[in-house]
Number of protein chains: 2
Amino acid sequence: MIAFKGRTYTCPIDVTFSFINGKWKVLILSHLYRYKKRSYSEIRDNLPRISEKMLSQQLKEMEADELIVKKTISSKPYRVEYALAKNGKAFSPIMEFASKWGIRYLKANGIDYLKDQELYK
Amino acid sequence: MIAFKGRTYTCPIDVTFSFINGKWKVLILSHLYRYKKRSYSEIRDNLPRISEKMLSQQLKEMEADELIVKKTISSKPYRVEYALAKNGKAFSPIMEFASKWGIRYLKANGIDYLKDQELYK
DNA sequence: GGACGGACCTACTTTTTGGTAAGCCCTGTT
DNA sequence: AACAGGGCTTACCAAAAAGTAGGTCCGTCC
């Protein structure tokens with residue numbers, strides 16, 4: 001048992017995953033990993049089915065956890081840019097691995113993602 | 001969007017994480033990764049706070065997903081043994097990574113897990 | 001024969017998470 | 001002036017996940 005910031009964790013793995021639990025965090029992370037800098041609406045449009053409530057909520061939590069950084073690139077018309085922060089970048093190996101794993105798994109189950117991806121989206 | 005077995009996924013990463021979502025699955029996986037073969041009560045006793053409901057529920061789902069295998073090692077007194085199955089073993093790199101990441105993160109925040117772990121449990 | 005431990009299962013409640021729909025402020029466009 | 005974005009927020013509700021508190025069925029041990 002590890003006590004840390006008001007929560008208790010079973011082990012370090014528990015600590016690590018506490019950062020990315022939730023349906024959308026890994027997806028946002030992987031999106032930013034791929035595109036480096038993205039606006040709010042770009043992220044939203046790339047994650048079909050996410051609601052704005054969820055998106056802004058997760059972005060906030062991830063910012064607080066230093067997984068991502070938000071930069072105001074213009075204030076006259078208010079425009080922002082999200083990118084990976086240090087903690088977020090540190091998760092890249094997991095993103096890479098999970099992506100490959102998923103592609104392999106899908107292939108083993110009759111779906112060729114790399115070949116078919118133009119069909120989706 | 002990927003349609004697969006009645007669910008839809010945003011991308012392969014989404015597919016991968018669908019196997020290990022839930023508070024306990026990674027922890028069970030990492031436990032089996034460390035100990036190879038464990039009985040029901042050994043797993044339970046190593047995951048403080050897990051309820052038996054949660055444990056047996058997750059074990060069942062993980063068995064169905066071929067993350068783990070259950071073997072009946074004795075039926076006179078009914079005894080079982082859980083171990084990683086092929087899909088589960090394939091997650092080992094994530095376990096390793098997440099463990100190291102967590103330890104590093106804790107250290108950066110003033111907790112030396114490796115040094116202090118005898119204090120817990 | 002009674003207590004104990006292993007390996008579960010079940011009904012019920014609570015908590016957490018996620019979804020819906022609407023609205024706000026600002027600016028650029030027509 | 002009206003509308004279309006962009007970047008959000010909020011109140012309210014539904015669904016899903018997890019916790020609680022039991023119980024069952026063996027079989028071994030004292």
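Computation of the quantities below employed the complete heavy-atom set of this structure, encompassing side-chain atoms and omitting hydrogens, waters and symmetry-equivalent molecules. Below, chains carry the letters A, B, ... as their sequence lines are ordered, and counting in each starts from 1.
The hydrophobic cluster containing Ile50(A) also contains Ile2(B), counting ILVMFWY residues as joined when their side-chain heavy atoms lie under 4.5 angstrom apart, directly or transitively.
Counting non-hydrogen atoms under 4.0 angstrom, Ser56(A) reaches a base of the nucleic acid.
Rounding to whole angstrom units, CD of residue Gln57(B) and C1' of dA11(C) are separated by 13 Å. Atom P of nucleotide dT16(C) and atom CG of Asn21(B) are separated by 18 Å, given to the nearest angstrom. One interatomic measurement links the two molecules: OH of Tyr40(B) to P of dG6(C), which rounds to 11 Å at whole-angstrom precision. Remark: C1' of dA7(C) and CZ of Arg44(B) are 9 Å apart, rounded to the nearest angstrom. One can place CD1 of Ile50(A) at 8 Å from P of dG19(C), the figure rounded to the nearest angstrom.
Taking the six-membered ring for Trp and thresholds of 30 and 60 degrees, Phe19(B) and Trp101(A) have ring planes more than 60 degrees apart, a perpendicular arrangement. Using cut-offs of 30° and 60° on the angle between ring planes, the pair Tyr105(A) and Phe4(B) is perpendicular.
For the atom pair OG of Ser18(A) and NZ of Lys25(A), the computed distance is 8.5 Å after rounding to the nearest 0.5 Å. Between the OG1 atom of Thr16(A) and the CG atom of Leu106(B) there is a distance of 7.5 Å, given to the nearest 0.5 Å. The OG atom of Ser51(A) sits 9.0 Å away from the CD atom of Gln58(A) when rounded to the nearest 0.5 Å. Distance check: Ile103(A) CD1 to Leu114(A) CG gives 4.5 Å after rounding to the nearest 0.5 Å. To the nearest 0.5 Å, the span separating OG on Ser99(A) from CZ on Arg34(A) amounts to 6.0 Å.
The stretch residues 65-82 of chain A touches DNA chain D through Lys70(A), Tyr78(A), Arg79(A), Val80(A), Tyr82(A), each having a heavy atom within less than 4.0 Å of the strand.
Contact between the side-chain N/O atoms of Gln58(A) and the OP1/OP2 oxygens of dG18(C) is found at a separation under 4.0 Å. In terms of phosphate contacts, Ser51(A) brings no side-chain nitrogen or oxygen within less than 4.0 Å of OP1 or OP2 of dT20(C).
One can find a donor-acceptor pair under 3.5 Å joining the base of dG18(C) and the side-chain atoms of Lys53(A).
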Query raised in the report: So Tyr82(A) and Glu42(A), side chain to side chain donor-acceptor pair (under 3.5 Å) or not? Walk me through it.
Result: CA-CA 10 Å; Tyr82(A) 292 93; Glu42(A) 283 173 325; over 6 Å; no
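In 5' to 3' order, the nucleotides of DNA chain D bounding all contacts with chain A (an atom under 4.0 Å from a heavy atom) are dG6(D) to dA11(D).
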